[in-house]
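Within every chain, numbering begins at 1; the chains are lettered A, B, ... in the order of the sequence lines, protein sequences first and strands thereafter.
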Protein chains: 2
Amino acid sequence: MNEAKAPETEKSEPIQRLGEIGLSNFAPYLMNRIMGRYNADLRQEMTGLGLTTPKMRALAVLSVIDDLPISDLAVYAVVEQSTLSRALDQLASDGLVRRGPDPNDSRVTRIGITGTGRAALDQLWPSMARVYAQMFKDIPDEERQAFVTTLQKMLKNIRKHDF
Amino acid sequence: MNEAKAPETEKSEPIQRLGEIGLSNFAPYLMNRIMGRYNADLRQEMTGLGLTTPKMRALAVLSVIDDLPISDLAVYAVVEQSTLSRALDQLASDGLVRRGPDPNDSRVTRIGITGTGRAALDQLWPSMARVYAQMFKDIPDEERQAFVTTLQKMLKNIRKHDF
DNA sequence: GATTTATAATTGCAAATGCATATTATTTTG
DNA sequence: CAAAATAATATGCATTTGCAATTATAAATC
């Protein structure tokens, strides 16, 4: 049932295979596990508020950076553009966001969060904060700060956009 | 377009809101962004091999820990049990895994990876390794090790199972 | 400045997803 | 040890997803 320990040979680096690294040393695996749980834990609360993951993510981003073009919002929120388009349909008809024109480019629709939208997110925030706190339980502030710094570097490394 | 800087007041801790923390200091946000890109980058390669994310994840886990009960595999692979069940249908009919009985509990089906399954994963591995390397580009080994250590603590903190 | 090329957003449609349920087997309880 | 509760897997079904194509606008090219 337990995963095999990799041999202690520490020679050059001939492209290790996953079995050698081990799941529990492979950062993408651990991150997927952690985020899977994080998202699953929140889904419960979101359902109660009539939100889905894409809708919640859009609101969360907009609560920090308002009035984004849909294409930018899709990047920030990590949601496919077509999925986001439909999520926004629902958010707009529930009055949580509003679509507005862009003054400079009439192809663009900018999305603004409404007071109702902020209120909905405020209702969810305690749960998000709770799961967040649980994640970092017993992890010193300094370690968490270093962790976030590494994450910021990683995002810079692999992102395809400037933000 | 840029996100607002939080005020420098460092008093007690009255439950910060997301706007105060800032997206780029909120670990779950950064992790979602990074994993979104990681998974998107791999999807291309997977499609070429007839794999989907759930199928790839199942194979990746099995390449390290073989012969798992489906319910355990679902946890390791971060895939819903019903989704995994159907992914395994396809993997089995393509000969990449095989379903076998559990000697002790006849409710359980154990999944084993086949040679063909390992071969398929081997074809994908260079891409996984490439994206992995890209993520940690210019990040010193020591920092990456510390990062993984923190991830391991986080997983322990939030996981619902013993592994 | 007309034509080609690129970008933003929406929508049609087939496939994938996840919840609830069904089925079979095991464990616990009275 | 029979009955009830729990567990593992599979499946029906409505919803969601994502790719590809569409529409509309802007930018680039000739």
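One atom, CD1 of A:Ile70, and another, P of C:dT11, lie 11 Å apart when rounded to the nearest Å. Atom NZ in A:Lys160 sits about 15 Å away from atom P in C:dT7, given to the nearest Å. In this entry the distance linking CG of B:Asn39 with P of D:dT17 reads 16 Å, nearest Å. In this entry the distance linking CG of A:Asp72 with P of C:dT7 reads 13 Å, nearest Å. If you take NZ of A:Lys55 and C1' of D:dT16, they are 12 Å apart, rounded to a whole angstrom. The CD atom of B:Glu80 sits 13 Å away from the P atom of D:dT17 (whole-angstrom rounding). Put simply, CG on B:Leu84 is 9 Å from P on D:dT9, counting in whole angstrom units. Rounded to an integer number of Å, the gap from CG of B:Leu91 to P of C:dA16 is 12 Å.
Annotation: side chain of B:Ile113 is not in contact with side chain of B:Leu91 (no heavy-atom distance under 4.5 Å). Proximity of B:Ile111 to B:Arg99: side-chain heavy atoms (C-beta onward) are separated by under 4.5 Å at one or more points.
For B:Thr52, no side-chain nitrogen or oxygen approaches OP1 or OP2 of C:dA16 to under 4.0 Å. Side-chain N/O atoms of A:Thr83 include one lying less than 4.0 angstrom from OP1 or OP2 on D:dG18. For the OP1/OP2 pair of D:dA26 and a distance below 4.0 Å, the side-chain nitrogens and oxygens of A:Ser106 include at least one atom meeting the criterion. Between A:Ser71 and C:dT7 there is no side-chain polar atom (N or O) within less than 4.0 angstrom of OP1 or OP2.
For A:Asp89 and B:Arg86, each mapped to the nucleotide of DNA chain C holding its nearest heavy atom, the one lying further toward the 5' end belongs to A:Asp89. Between A:Ser82 and B:Gln81, the residue anchored nearer the 5' end of DNA chain D, judged by the nucleotide with its closest heavy atom, is B:Gln81. Taking the nucleotide of DNA chain D with the nearest heavy atom to each of A:Asn104 and B:Arg99, the more 5' of the two is matched to B:Arg99. Toward the 5′ end of DNA chain C lies the nearest nucleotide of A:Leu88, the other residue of the pair A:Leu88 and B:Arg107 mapping further downstream.
With distances taken from any side-chain atom of A:Pro69 to the nucleotides C:dC19, C:dT11, C:dA9, the minimum falls on C:dA9. Nearest nucleotide to the A:Asp105 side chain, out of D:dT25, C:dA9, D:dG18: D:dT25.
The CG atom of B:Leu96 sits 6.5 Å away from the OG1 atom of B:Thr116 when rounded to the nearest 0.5 Å. Put simply, CG on A:Leu155 and CG on B:Leu30 are 6.0 Å apart, with the number rounded to the nearest 0.5 Å.
Listed by first and then second residue, the salt bridge (charged side-chain N to carboxylate O under 4.0 Å, His left out) pairs involving residues 146-163 of chain A are A:Lys153-B:Glu143, A:Lys160-B:Asp41 (not counting sequence neighbours).
For D:dG18, its base never sits under 3.5 Å from the side chain of B:Arg43 at any donor and acceptor pair.
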